[in-house]
Structure formats: C-alpha cells, structure tokens
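Have a look at the structure below before the remarks.
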Amino acid sequence: MTGSTDKRLSARVKLLLILATAVGPIILAYIFYFYFSDFAPAEGTNEGHLILPPRHVEEIAAEPGKEIPRGQWAMLMLTGPECDQDCERLMYLSRQVHRGLGKDAERVERYLLVGGNNLSASFRRLIEADYPDIQVRYYLRTSLNGVFEKVVEAPMDGDYIFLMDPNGNIMMYYTSDLAGKPMLSDLKHLLKISTIG
C-alpha cells in the first residue's frame with residue numbers, strides 16, 4: 001500500500017513539475033509585463049526620431065538633373081536663403097558627425113536643401129569658406145514643406161537634420177540637441193549593419 005502511494009505521489013510531483021515548466025514562464029512574463037514594466041527594455045536603440053512611414057526623396061519636386069541621387073546615405077538640412085545662428089550650428093554639427101565617421105565618411109553625403117532659388121551672399125561665403133564639401137540643391141519652398149511638414153511642424157524654421165538611406169527613404173530626423181554624438185552613434189550603427197550604400 002505504501003509503495004503504490006509513493007508511486008502516485010511521485011507521479012503527481014512529476015506532473016506538477018512538467019506543468020510548472022510549461023506554464024511558469026507565461027505566468028512570470030504576465031507578472032513582469034503588468035507589474036514590473038520599469039524593467040522592460042526600451043523600444044529601440046536609436047537616438048534620432050524615426051519617420052513612420054518613411055518619406056521618399058522622389059516626393060520632393062526637384063529640378064531635372066538636380067535630384068538627390070540614391071545609392072548612398074545622406075544627411076539633408078533644410079534652409080532658406082539666409083543662415084542664422086541655429087543654421088550655422090547645425091551645419092557645424094553635421095560636419096563634425098561626418099568627420100567622426102572616419103573611413104566610413106565616404107559612404108555619407110551632406111546636402112543643403114534650399115527653399116528658394118538663391119542663397120544670400122553671406123551664406124554663400126560661409127559655405128565656400130567652411131563647408132565646401134556640402135552639396136546645395138534648390139527647391140520650391142512649397143515642395144519642401146509639402147513633404148517635411150508631414151514629419152515635423154516647421155521644417156524650414158526649425159533646425160533638423162534628416163537622414164536618408166541609400167534607397168532614397170528619408171527615415172529618421174534629428175533635432176539640434178541630437179545632431180552631434182547621438183546622431184554619430186546612430187550613423188555608425190547603421191553603416192555597420194547596412195549591406196547597401
């Protein structure tokens with residue numbers, strides 16, 4: 001009698017262990033999800049703001065032959081014909097990020113998208129003296145606003161750097177406070193895992 005009771009008890013313990021192994025993780029996950037959410041990992045590791053869904057560079061009405069080519073990563077900065085202190089700071093930060101990429105810098109281009117058909121003389125001198133490697137493209141202000149206002153509130157007045165992937169997708173943007181080391185960190189990561197551009 002004692003032997004059969006021991007066998008039944010042993011079988012029940014085994015059954016409980018099997019059930020605990022199967023159901024235990026689900027119960028623990030439920031408890032952690034609802035009661036200890038502070039321990040959950042962050043949604044992503046990117047520093048910049050994702051653009052969902054991404055905008056495509058072809059949405060910007062470009063002058064024929066002056067389109068931003070695909071095939072490389074690109075930093076896009078929007079501006080008017082003048083460059084104020086915020087604009088200068090953003091151009092400086094984009095240059096520093098570009099230099100910080102080291103040998104990968106050749107995989108990234110920098111573009112200044114000008115809303116209008118000309119730059120002021122002082123802005124032109126600034127580019128020639130300090131930023132000769134930046135490529136300038138002219139667009140109708142309404143064309144730029146039509147695309148970028150769907151992403152940020154005041155694209156021409158605010159200071160943003162948009163990031164375009166080699167397929168022409170404008171997929172992330174950085175405010176001036178994220179345009180230095182945080183952007184460099186994201187770009188290094190993207191270039192490391194990217195098999196294109």
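It should be emphasised that the depicted structure is a prediction, and the values quoted were computed from it without experimental measurement.
The salt bridge (Lys or Arg N to Asp or Glu O under 4.0 Å) search around Glu67 returns none, not counting sequence neighbours. Partners of Glu58 by salt bridge (Lys or Arg N to Asp or Glu O under 4.0 Å), not counting sequence neighbours, listed by chain and number: Arg70. For Thr142, the side-chain contact (heavy atoms from CB on, under 4.5 Å) partners are Leu140, not counting sequence neighbours. When the side-chain contact (heavy atoms from CB on, under 4.5 Å) test is applied to Lys188, the partners found at least two apart in sequence or on another chain are Leu101, Leu184. The side-chain contact (heavy atoms from CB on, under 4.5 Å) check on Glu82 picks up Ser120, Ser122, with sequence neighbours excluded. Partners of Thr175 under the side-chain hydrogen bond (donor to acceptor under 3.5 Å, both in side chains) rule, at least two apart in sequence or in another chain, are Asp177. Evaluation of the side-chain contact (heavy atoms from CB on, under 4.5 Å) rule for Pro182 yields Glu47, Leu178 as partners, not counting sequence neighbours.
Under a hydrophobic clustering in which Ile, Leu, Val, Met, Phe, Trp and Tyr are joined whenever their side-chain heavy atoms come within less than 4.5 Å, directly or via other members, Met171 and Leu52 fall into the same cluster.
The nearest pair of heavy atoms linking Gly80 to Phe123 is O-CE1, 3.7 Å. Contact between Ser94 and Met91 at its shortest, heavy atoms only, is OG-O, 2.9 Å. Among all heavy-atom pairs drawn from Phe148 and Ile60, the shortest one is CE1-CD1, 3.8 Å. Closest approach of Arg137 to Ile68, counting heavy atoms only: CG-CG1, 4.3 Å. Counting all heavy atoms, side chain and backbone alike, Leu90 lies closest to Met77 at O-SD, 4.0 Å. Heavy-atom minimum distance, Gly180 versus Leu93: CA-CD2, 4.2 Å.
Applying the ring pair (Phe, Tyr, Trp, His ring centres under 6.0 Å) test to residues at least two apart or on different chains, none of the pairs has a partner in residues 53-111. Identified under the salt bridge (charged side-chain N to carboxylate O under 4.0 Å, His left out) test for residues 89-105, with sequence neighbours left out: Asp104-Arg107. The side chain to side chain donor-acceptor pair (under 3.5 Å) analysis of residues 164-174, with sequence neighbours excluded, yields the pairs Asp165-Asn169, Tyr174-Asp186. For residues 116-134, the salt bridge (charged side-chain N to carboxylate O under 4.0 Å, His left out) pairs, not counting sequence neighbours, are Arg110-Asp133. Sorted by first and then second residue, the disulfide bond (SG atoms under 2.5 Å apart) pairs with a member in residues 73-110 read Cys83-Cys87; sequence neighbours excluded.
Contact check for His49 versus Val152: no side-chain heavy atoms found under the 4.5 Å cut-off. Using a 4.5 Å heavy-atom cutoff, the side chains of Val97 and Ile161 are not in contact. Taking the side chain as every heavy atom from C-beta outward, Tyr160 and Leu78 never approach each other to under 4.5 Å.
Here Leu76 contributes atom CG and Leu163 contributes atom CG; the two are 8.0 Å apart, rounded to the nearest 0.5 Å. For the atom pair Ile51 CD1 and Phe162 CZ, the distance stands at 6.0 Å (nearest 0.5 Å). Note that the CE atom of Met183 and the CD atom of Gln96 stand 13.0 Å from one another [nearest 0.5 Å]. Here the CG-CE distance, from Leu50 to Met172, works out to 4.5 Å after rounding to the nearest 0.5 Å.
The only option from Leu119, Thr79, Leu113 that meets the side chain to side chain contact (heavy atoms under 4.5 Å, CB included) definition with Val136 turns out to be Leu119.
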